Amino acid sequence: MIERSRFRFDGHLLLVWAAPLTITAIFVWIVGGVLLHGLDQLSWSYLVEAPRRAGRQGGIGPILVSTLLIVSVCLAVAIPLALGAALLLAEFVPRRSTGARIVRLSLDVLAGVPSIVFGLFGSAFFCSLLGLRFSILSGGLTLACMILPVLIRTIEQSLRGVPNAYRMGAAALGLTRTRAIVTVLLPVAAPGVLVGVLLGVGRAVAETAALIFTSGYVDRMPSSVLDSGRALSVHIFDLSLNVPGGDAAAYRASIVLLLLLMLINGGMLCIHSLLKRVMGISAQI
Amino acid sequence: MFQSVIDSPRRHGVIDVRLRRTLWGVAGLASSIIAVVVAVVATEALPALRGVELPRFLNDPSWHPTNQRYNLAPMIAGTFLVAGGAVALGTLFGFLSAIFCCFYAPPRLAGLYRGVMELLAGIPSVILGLWGLTTLVPIVAAIKAPGFSVLSATLVLGLMIVPTIGLVAIASLQSVPRSLILGAEALGLPKWLTVVRIAFPAARSGLIASVVLGIGRALGETMAVMMVGGNIVQVPESLFAPVRTLAANIALEIPYAEGLHRSSLFVSGLFLTLVILVVLCIAEWLGPEPIHD
Amino acid sequence: MYTQLAETRHGHLGPNLEFPEPPCRPARIDGQARDLLWRVSDLGVHYGRKTVLSSVSIGLPKGKVTAIIGPSGCGKSTFLCCLNRLSDSMEGCCVEGRIMIGSQDIRSPSVDDIALRRRIGYIFQKPNPFPMSIRRNLELPLKAHGVRDAAEIGRRIESSLVAVGLWSEVKDRLNASALHLSGGQQQRLCIARALVLEPEALLMDEPCSALDPIATGVIEDLIHSLRQRLTIVMVTHNLNQAKRVGDEVALFWCRDGFGYLVETGPAQRVFEAPQDELTKLYISGRIC
């Protein structure tokens, strides 16, 4: 009897250890594969040169610029909106009030819309209806709509993480709500807000489906945000699926994209620990 | 003088009132986006909804939108097939990962593995697609050609949602009161039973939420599935047959689609959104907590 | 009448520590010619449907320390919050009755709550310095109330830190985080932060309950030294502390879930010859 139960227990143990081992192995396989296939021709010139022969050769200079512009447009639009909505939800309306519920519900629904549908929406609304055509602006605005819910949620949560004692302390000193928010609450919540923003950036940089038909495929250096520009992820997609013999180039670009994401993640951790040290508080996420 | 000061008109409050009003404006704008998205997609879908009777999207002879044949059934079947398989895989591995992190692994290893899952969650789908395309597809092809198949798509998509499900499941298992677990162990319950009988029911709503998030992500995913699925319009007959999902269909055809064809792609987008929203609603209804909290 | 406000806004606030009584209207209650800062009548407070305080009527004398005692949960802190309308910041808190300062009901919507709180400081149970430097903690309220002049800010920071006895301890590290101070120092910093606005009154909600005995002694000494300049209302659940620092004592009690005022009067009188049976039992320690 005892032997039997011990045996069963070991079976579960095997299962429980096998799953994470498999996932870790695959993760190493993926990252290793990307590095292995793409690392050999990676150089500084690759980052600044223009692509040649549909991207099989040359670099990704214009593509990086386009990516940067798309993300900038996206953040320039999304951050003010997210900050405003999050401040309202966290500081000005009771949690269970009708208004707050409606705002939250609509954001939850927005968060559920798949990215391909954002692509459809962007191409119909920004590109056609507003006449922005295939442009960095269209792409950035589409991404802004997409990352807004996650941005609002993280910012709201970090504001809610600010101890109420600070709110009361500020009120007791005769600070207006506005001043308390600007001088006390936002600085305290800043690490969380930044982490939220970087989370949004990470998502925006990784996104492909919403960009294919909004910011377009053109791999020239964009001269303004009204130009079409190819994002890095779109570049990888295009090389791997539409360009015969583009796999190596796709892997090379993938390394850059992964590095970019790691940089963002690293930045997130750095900001977090720095602010934690300086302010003696930690971000609530 | 005290009295005169406190008796002044409330000029200090004005700035708060203004800020509040501004914020309501901003929040209103943010929350109206979903309405605009739905309205725009619905408007674009309207010609097809008017010009093609709804049943035809399911029982037309084929999907040849340029020849007025609008059968979306193969794509719908493909979508549910791939998503179903991926969610099954993702749930199995995600839950096992969560159990590993919360109950079996030493703390440092658990933290490390969590980090791996977070990194995996951060890998863009296009890179996973690329990996699937160049690594997984040849392996599957070695078993049975062509390699671009339901199986490849399911595996890649499943891999994508393992961290989605795993990370949320970890959070919800961690929120189970420690005393409950200790109490069960004090009764001499084996660890596995403690997990399955005590921890899982206690974390029920969070676990459901994790699976629902996984379903949502699986149904909506485009790039990775498109890159490894083969994209042939057919109801796949086996695991090794190529498949085209709704999302892939949209991504493949929207660049050149016009008229009713384009419109019918918007119909499929609208349908996809509705399905995901229904899933989210069911989860909301099942679990007492809001999904995203 | 508005000159004071204008001065506040332009940062030339003089050391106007006590505020002169309007010449023709001496404050009186029941014919007693006592100088009262607050005259509270029929105060009731509830959160939603739950009543926390009911029909409290009390006068709080100017320039004295009033100690509010009573068991926990009898609405002492809530009462304190009402005195500078901090209750406004609490979700779902509803206040009834009249809270007069001079001839003005501070509950009236025409009262500027911001200006009111600038004149009446509040110290919380748990020290709550903001997570920033010591200097910034003290600068913040000054700047918020329109003091811009750097020299004036420096002077006020120093004098308030001197007043709480913290100056010698922190003068070399004003730019260090306030969170690195000890609990007692943090609480004194919070008092300094309130004093920097040169308030007329200070409300203290069990200011020592989170501190060790030595830090408590320091704070009590501080209260002694401040009583010349300020009206202090202090909640405490420590009878000995009430005896040590209170000029006036008010006992709150809790019945059927809501708090009410049992007895109030000069500390000596209340402790030596309590009139209410409940007070007798409570101060003799037989119920708590």
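As the structure is a computational prediction, the values presented were derived from the model and not from experiment. Only this structure's heavy atoms are used, side chains among them; waters, hydrogens and symmetry mates stay out. Below, chain A is the first sequence line, B the second, and so on; all start at residue 1.
B:V126 and A:T208 get closest at one heavy-atom pair: CB-OG1, 3.6 Å. What you find for B:A251 and A:I116 is that their closest heavy atoms are CB-CD1, 3.7 Å. Nearest heavy-atom pair, A:V16 versus B:W192, reported as atom, atom and distance to 0.1 Å: CG2-CZ3, 3.6 Å. Looking at every heavy atom in both residues, B:R20 comes nearest to A:L88 through O-CD1, 4.1 Å. B:I139 and A:W29 make their closest contact through CD1-CH2, 3.7 Å (heavy atoms, listed as atom of the first residue, atom of the second, distance). Of all non-hydrogen atoms in B:V26 and A:A85, the two that sit nearest each other are CG1-N, 3.9 Å.
Interatomic distance, A:T22 OG1 to B:F93 CZ, rounded to the nearest 0.5 Å: 5.0 Å. A distance of 10.0 Å separates OG of B:S125 from CD1 of A:I236, quoted to the nearest 0.5 Å. One distance of note links CZ of A:R179 with CG of B:L19; it measures 13.0 Å at 0.5 Å rounding. In this structure, A:I30 CD1 and B:L120 CG are separated by 6.0 Å, a value rounded to the nearest 0.5 Å. The structure places CG of B:L130 at 4.5 Å from OH of A:Y251, a figure rounded to the nearest 0.5 Å. Taking CD1 of B:I127 as the reference point, atom OG of A:S254 lies at 4.0 Å (rounded to 0.5 Å).
Only the side chain of A:I212 comes within contact range of chain B, with at least one heavy atom under 4.5 Å from a heavy atom of that chain. Using a 4.5 Å cut-off between heavy atoms, B:R262 contacts chain A through its side chain alone, with no backbone atom that close. Residue B:L274: no heavy atom, backbone or side chain, is found under 4.5 Å from chain A. For A:L89, no part lies near chain B; criterion is any non-hydrogen pair under 4.5 Å. Contacts of B:I276 with chain A are made by side-chain atoms alone, with heavy-atom separations under 4.5 Å and no backbone atom involved. Using a 4.5 Å cut-off between heavy atoms, B:M227 touches chain A through backbone and side chain atoms alike. In this structure, the portions of B:V37 lying under 4.5 Å from any heavy atom of chain A include both its backbone and its side chain. Proximity to chain B (any heavy atom under 4.5 Å) is restricted, for A:V34, to the side chain, taken from C-beta onward. With a threshold of 4.5 angstrom between heavy atoms, A:P80 approaches chain B through N, CA, C or O but not through any side-chain atom. When heavy atoms are compared at a cutoff of 4.5 Å, B:L92 does not approach chain A at all. Only the side chain of B:T222 comes within less than 4.5 Å of a heavy atom of chain A; its backbone N, CA, C and O stay farther away. Only the side chain of A:I152 comes within less than 4.5 Å of a heavy atom of chain B; its backbone N, CA, C and O stay farther away. For B:V36, the parts lying under 4.5 angstrom from a heavy atom of chain A are both the backbone and the side chain. Of the atoms belonging to B:V41, it is side-chain heavy atoms, and not backbone ones, that fall under 4.5 Å from chain A. Both the backbone and the side chain of A:F125 come within less than 4.5 Å of a heavy atom in chain B. No part of B:L270 comes within reach of chain A, as not one of its non-hydrogen atoms sits under 4.5 angstrom from that chain. If you measure heavy-atom distances from B:I254 to chain A, the contacts under 4.5 Å come from the side chain alone.
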Is there a side chain to side chain contact (heavy atoms under 4.5 Å, CB included) between B:Y113 and A:I23? Walk through the geometry before answering.
CA-CA 9 Å; B:Y113 182 56; A:I23 299 295; 3.4 Å; yes
Can B:M226 and A:F237 be said to form a side chain to side chain contact (heavy atoms under 4.5 Å, CB included), step by step?
CA-CA 10 Å; B:M226 177 161 78; A:F237 165 71; 3.2 Å; yes
Candidate pair A:D108 and B:L280, rule side chain to side chain contact (heavy atoms under 4.5 Å, CB included), full reasoning:
CA-CA 9 Å; A:D108 275 354; B:L280 290 176; over 6 Å; no
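For A:W17 and B:F100, the gap between ring centers is short of 6.0 Å.
Of the listed residues (A:P20, A:S106, A:A19), the greatest number of heavy-atom pairs within a distance under 4.5 Å of chain B belongs to A:P20. Ranked by heavy-atom pairs under 4.5 Å with chain B, the list A:L148, A:L107, A:V109, A:L261 is led by A:V109. Contact count versus chain A (heavy atoms, under 4.5 Å) is highest, among B:G220, B:G132, B:S31, for B:S31. Each of B:T22, B:T134, B:I99, B:L272 has some count of heavy-atom pairs under 4.5 Å with chain A, and the biggest count is that of B:T134.
Looking only at atom types and distance, the side chain of A:T178 has a donor-acceptor partner in the side chain of B:D16 under 3.5 Å away.
For the side chain to side chain contact (heavy atoms under 4.5 Å, CB included) with A:P114, the qualifying choice from B:V275, B:T273, B:L246 is B:T273, the only one to do so.
Side-chain contact check for A:V113 versus B:L277: every heavy-atom pair is 4.5 Å or farther apart.
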